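Remarks on the structure that follows.
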Amino acid sequence: MKSRDTAPASNFIRSIIEADIKANRNDGKVVTRFPPEPNGYLHIGHAKSICLNFGLAAEYGGTCHLRFDDTNPIKEEVEYIESIKHDVSWLGFDWGRHLYYASDYFGQLYECARELIRRGRAFVCDLSGEEIREYRGTLTEPGKDSPYRNRTVEENLDLFRRMKEGEFEEGSRVLRARIDMASGNLNMRDPVIYRILKAYHHRTGDKWCIYPMYDFAHCLSDSIEGITHSICTLEFEDHRPLYDWILDALDAENHPQQIEFARLNLTYTVMSKRKLMQLVDGGYVSGWDDPRMPTVSGLRRRGYTPASIRNFCEKIGVAKRDSVVDIALLEHCVRDDLNRRAPRAMGVLRPLRVVIENYPVDRTEELDAVNNPEDASAGTRKIPFSRVIYIERDDFREAPPKKFFRLAPGREVRLRYAYFVKCTGVVKDENTGEIKELRCTYDPETRGGESPPDGRKVKATLHWVSAEHAARVEVRLYDRLFSEPVPDRGKGGPDFMSFINPDSLEVLPECYVEPGLADAEPGSICQFERLGYFCVDTRDSKPGAPVFNRTVTLRDTWARIEKSRKKGKK
RNA sequence: UGGGGUGUCGUCAAGUGGUAAGACACGGGUCUUUGGCACCCGCAUUCCGAGGUUCGAAUCCUCGCACCCCAGCCA
C-alpha cells in the first residue's frame, strides 16, 4: 500500500525560493545540491538535508545534484561513496545524471586560484601552521598581516606553480586569500585556500599534491554547477561572507545564494560523527548499522521505511533555531506508515504454555486470520490451532490488578481468531512457585473468536500460537540508546557516554511465531499483533531461522497505566 | 562595544501590524475479535524581559537578558 507523504509546510527557505521565482531570479530555476564528504556514514540529520534539497528541487520543478565534497584525500574513502549513494536512493531520491565530485573541478579550481593571484587577491604564505594561528589573532583581538602578504603576482604565481609541482614539503607553504586580518569574522582573516597534501586521492590518484580547502572549493563547485540555492547548516553562517567574497573576487557568472538552517537533534541519541564513532569503537553497538544507531543504515536495519523518514523530515520543519526533536515523533511516523503496510501475524515473545483441557488431543484446526485490517486487499490466511498453545506471560496475572482485562484464574478471554477460553487452573513449580502452565477450557460455540449465542462478552483478546506448529525464532528488542533525553547537553556536565542505556538491547532466543513465518525473507516486515512492528534482520537471519528486530512497539495503553501507577507509588 | 545567529505550548513549528495554525506528547471519551488503528473533546488571554510607537504589536522602535556558532593547512 502506498502511504502519502505529509503535505509541504511553510518554512523560510520555501519563502525565499518562492520570492526568487516570483522575481524571476535565475530565470525562475531551482537547482540545489546535497554535498556530503565521503568520510563516514549518513545519519538521520543528513536525511533531513537530503529531503530538503531533493524535496525543494522536485517541488519547484528543478534539479538536485549529488556532489561528493572530496577535497581532503586523507579522510576520505571510496567505501563511503557507495554507502552514501545507496542511502540517498534508498530514501527515495534520484540524482539522475547529476552525480558530481568536487575533485572533478580540481583543474578549474587551480585556474581560479591563479586568477585570484593575478588579481592580487591571493598570495603564497610561508608561515608555519603554528605561526598562522598566532598571526590570526583571537576572537577579541585583530590578527596581523603575514610578512609574505605583499609578494608580487609573478612570485606568487611561480611559487603556487611549484607547490603544485611538488617542490615543497607538506605544511611548508599555503595559498591564502588576501582579505582582512582585522576582520571580526575570523574566516576573513586571510584564510588558507590551498594546502600541500602529498596524499593519494581516491579519484585523482597522484595527480595533485595541492588540494583546495572547503571554502574555496565549495562556492566554486556550486557556481560551476549552476546551483541557485546552496543550503547548508548553521555553522557555515560565518563562512557566507567568504563564500560571497570568493565568487565576487572572481566575477563568477553564477553566484548561488547560501542559506543556512539548523541541523537536526533527536532526543535519546547523539548525532555527531565523532560520538557515533565512539559508540562503534567502544563496542557499545555492533556497528554503524546497528539497529539502535540513528544512521540511515541503522534505521533501515531496524525496519524504518523510507516513507516514514521522509515524512518525519517534513513534519519537523526547517528553521534556524537550535532544537531537539522528540524521538517520539519519529516513532509516530514509522507506526503510521507500518500500520498501513505491515502484514499482521501472531508471535509470542515470552511464552506461557496453555493446555485446553476439553479440546481433543490430536485435533488440529485451520482458522482464518485477517492479514491487514487496514488493507482489505491483503486478504486472509490460515493459522493452526490445537490443544496446547502458548500465550504471552504478560497476558496472565494470578492476582489481576484493577483495569487488568486479560487472563486470570476463573476469567474468560478471547483467543484472536480462535475461541473464548476460560482459565481453570494454574500449574506451578513446587519449589520456586513459578507458573509453569495454565489449564483452560474452551467454548466450541465461539469458533473464529465469535461471540457466543448467549451474548457473553469478554474484555480482552489475546494473541497465541499453537505449540505443536509454531516456529521457534530469535527476537531482538531494541530500546533507546541513552537514558537521558539530551545525553550530550552542556559542557562541563557528565560525559554523554555515562548515559548509555544498558538495556537498549534485549535478545529473546526462544520466541514462537506462526508457522508461516519460519521462512520469512530478510528485510520483510510484519506486525506481531498487540506487540509492535518487526522486521527480519538482514545480517543475522539464516534460511529457516529468521531473526526478528523490533522496529517499534505499538502504542500500549495498559503499559502506560502501569507505568503511571508505579510512578504514583514512588 | 570581536563577529555571526536564535528566542512563540512539555517538544518541534506556522505566523511578516488586524487580535496565537498544525503535529508529536499529555489528559479524557467513543468505537473495537490488536488495551493497535480510526474518531471526538481538552491542552499558549499570550509570544525571553522591560519600556515605547499605534485605534490595534508575537510582528515596528529602544534598552536589557539568555542560549548557540567561530581562533583546522577539517568539512
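Please read these numbers as outputs of a predicted model, since none were measured by experiment. Here is the naming used below: chain letters follow the sequence lines, and residue numbers restart at 1 for every chain.
Pairs engaging residues 263-274 of chain A under the salt bridge (Lys or Arg N to Asp or Glu O under 4.0 Å) rule: A:Glu235-A:Arg263 [sequence neighbours left out]. Each side chain to side chain donor-acceptor pair (under 3.5 Å) pair with one or both residues in residues 180-193 of chain A, not counting sequence neighbours, appears once here: A:Arg149-A:Asp190. Residue pairs meeting the side chain to side chain donor-acceptor pair (under 3.5 Å) criterion with at least one partner in residues 318-335 of chain A, sequence neighbours excluded, are A:Glu237-A:Lys320.
For the salt bridge (Lys or Arg N to Asp or Glu O under 4.0 Å) test with A:Glu167, the passing option among A:Arg173, A:Lys198, A:Arg162 is A:Arg162; the others fail.
Aromatic ring centres of A:Tyr194 and A:Phe160 lie closer together than 6.0 Å.
Look at A:Arg344 and you won't find any side-chain N or O under 4.0 angstrom from OP1 or OP2 of B:rU34. Taking 4.0 angstrom as the limit, A:Arg560 places a side-chain polar atom (N or O) nearer than this to OP1 or OP2 of B:rG27. For the pair A:Arg240 and B:rG3, the criterion of a side-chain N or O lying under 4.0 Å from OP1 or OP2 is not met.
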Hey, mind stepping through A:Ile193 and A:Leu116 against side-chain contact (heavy atoms from CB on, under 4.5 Å) and telling me if it holds?
-> CA-CA 11 Å; A:Ile193 56 178; A:Leu116 223 43; 3.9 Å; yes

Please tabulate the protein-to-nucleotide N/O contacts below 3.5 Å involving nucleotides 37-44 of chain B, giving atom names and distances.
from	atom 1	to	atom 2	distance (Å)
B:rC37	OP2	A:Arg555	NH1	3.2
B:rC37	O2'	A:Asn339	ND2	3.0
B:rC37	O2'	A:Glu374	OE1	3.4
B:rC37	O2'	A:Glu374	OE2	3.3

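Contacts of A:Cys535 classified as side-chain contact (heavy atoms from CB on, under 4.5 Å), with partners at least two apart in sequence or in another chain: A:Ile525, A:Asn549, A:Thr551.
Syn is the glycosidic conformation of B:rG72, whose angle stays within 90° of 0.
B:rC9 and B:rG3 are spaced 30 Å apart, taking the P atom of each and rounding to whole Å.
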Scoring nucleotides 11-23 of chain B by protein non-hydrogen atoms under 4.0 Å (B base, S sugar-phosphate only, - none) yields SSBSS-------S

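With A:Tyr110 as the aromatic partner, A:Lys164 meets the cation-pi criteria of under 6.0 angstrom to the ring centre and within 45 degrees of the ring axis.
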